[in-house]
Amino acid sequence: MEEKSTQKAAAAEEENPSPELCLRIPGDYAVGSIPTVLYVPDFISETEQSQLLHHVYQAPAPKWKILKNRRLQNWGGVVHEKGLLPQALPPWLTKITDRICQWTGLFPSAINHVLINEYHPNQGIMPHQDGPAYFPVVAIISLASPVVLDFTPHGKLRGLEHTYLQNIQTDEPQESNGSYKVEGTKEAGPASSLLLMPCSLLIFKDQAYTDFLHGIQDTELHNLDKVANISQCPQFKHLSYDYSPGKADSSASSEPSGTFHRTTTRVSLTCRLVLKVHNKLFKF
Ligand SMILES: O=C(O)CCC(=O)C(=O)O
Ligand SMILES: [Fe+2]
């Protein structure tokens, strides 16, 4: 069933996807213990991956915003708590975002904001919740390197929006991605983790959006113990084997078993919708 589904996802890259691919609720793709997390392997083709990476690295240097633990490009405009000061997404991004909208049927209107994150093997993103400006469905396309993304429950977030908004810790201006970093989450450990393979699509929404933080550890070794979708990642199927890219038989690795050694840079596209769009910046 997975293979069939994957073929369907790849087929969606064609100019005119068949009607059955449209407005489909992708319940088949739910993974792990959190019901509102969906993982779609091979959502884009390798050719598309190369095209996307080409565009990402063609952007002029000032397009990159350099943060402590990663760098990022912001596309679609500036996100404020109260909405988006929009800038049209370029066609190389709408080609993908329109397909995500059409294929999932989970967005009420076109995705209008994309954050591109780049992580070196020792970089990550601390556990955080995406901000209230966004419609609570997040679509993340992964490129170039696998990575483990952790979901950590954070019951405190529920019903305490006012409090956490007052006490947020940010490592970047809020408007750069509209996210909030929350203190005191490390000791809990992840409830569920996903291995995000290149070309895959991750969607999380609803409960996963509101009650969980998501993050990527800034370490070269990522633990696979709690990875819920290992069976969908061909190279990682045997948990007792280590995986290092390029190794035919990774069981010979000196890394501890059940870990993934990150050796290459990962790029991700976080695609979201800001419902409230400000069309006029200033009133004169
Ligand atoms: O790179 C990723 O997969 C996660 C990015 C993310 O959480 C964000 O941009 O808010
Ligand atoms: Fe996020």
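Order of appearance sets the numbers: ligands from 1, and atoms from 1 within every ligand. These numbers come from the heavy atoms of this one structure, side chains and all, not from hydrogens, waters or symmetry mates. Here the structure is a predicted model, which is why all the values come from computation and not from measurement. Just so you know, residue 1 is the first one in the sequence shown, and it goes up from there.
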Engineer: Hey, are R262 and E220 close enough for a salt bridge, meaning a charged N less than 4.0 Å from a carboxylate O?
Structural biologist: no
Engineer: Between F204 and F151, does the ring centre distance come in under 6.0 Å?
Structural biologist: yes
Engineer: So if I count the atoms of ligand 1 from 1 in the order they appear, which ones are less than 4.0 Å from some heavy atom of D130?
Structural biologist: 10 (O)
Engineer: Checking side-chain polar atoms at under 3.5 Å, does D150 have a donor or acceptor matched by the opposite partner on S193?
Structural biologist: yes
Engineer: So, of the N/O/S atoms that H128 has, which is the nearest one to the Fe ion (ligand 2)?
Structural biologist: NE2
Engineer: If you count the atoms of ligand 1 from 1 in the order shown, which ones are under 4.0 Å from a heavy atom of Y119?
Structural biologist: 1 (O), 2 (C), 4 (C), 5 (C)
Engineer: Under the side-chain contact (heavy atoms from CB on, under 4.5 Å) criterion, do L194 and V227 qualify, and how do the steps go?
Structural biologist: CA-CA 5 Å; L194 289 185; V227 167; 5.7 Å; no
Engineer: To the nearest 0.5 angstrom, please state how far the CD1 atom of I116 sits from the CG atom of L269.
Structural biologist: 4.5 Å
Engineer: Has E118 got any heavy atom lying under 4.0 angstrom from an atom of ligand 1?
Structural biologist: no
Engineer: Which ligand 1 atoms does N117 reach within 4.0 Å, using its non-hydrogen atoms?
Structural biologist: 5 (C), 9 (O)
Engineer: Between Y57 and L89, is there shared hydrophobic-cluster membership here, with clusters defined by ILVMFWY side-chain heavy atoms closer than 4.5 Å?
Structural biologist: yes
Engineer: Specify which N/O/S atom of H214 comes nearest to the Fe ion (ligand 2), by atom name.
Structural biologist: NE2
Engineer: Just jot down the ligand 1 atoms closer than 4.0 angstrom to any heavy atom of H214, in number order.
Structural biologist: 7 (O)
Engineer: Would you mind listing which atoms of ligand 1 come within a distance below 4.0 Å of any non-hydrogen atom of L115?
Structural biologist: 9 (O)
Engineer: Which of the numbered atoms in ligand 1 are under 4.0 angstrom from any heavy atom belonging to I140?
Structural biologist: 3 (O), 4 (C)
Engineer: I'd like the atom name of the N/O/S atom in D130 lying closest to the Fe ion (ligand 2).
Structural biologist: OD1
Engineer: Could you go through the side-chain contact (heavy atoms from CB on, under 4.5 Å) check for F107 and R272 one step at a time?
Structural biologist: CA-CA 9 Å; F107 293 88; R272 291 174 288 203; 5.7 Å; no
Engineer: For the salt bridge (Lys or Arg N to Asp or Glu O under 4.0 Å) test, which of R266, R71, R70 pairs with E118?
Structural biologist: R71
Engineer: Just jot down the ligand 1 atoms closer than 4.0 angstrom to any heavy atom of R266, in number order.
Structural biologist: 1 (O), 2 (C), 3 (O)
Engineer: Test of understanding: given a 4.0 Å heavy-atom threshold, classify the contact between R272 and ligand 1 as side chain, backbone, both, or neither.
Structural biologist: side chain
Engineer: Classify the ring geometry between W92 and W75 as parallel (under 30°), tilted (30 to 60°) or perpendicular (over 60°).
Structural biologist: perpendicular
Engineer: List ligand 1 atoms under 4.0 Å from T270, heavy atoms only on the residue side.
Structural biologist: 5 (C), 6 (C), 8 (C), 9 (O)
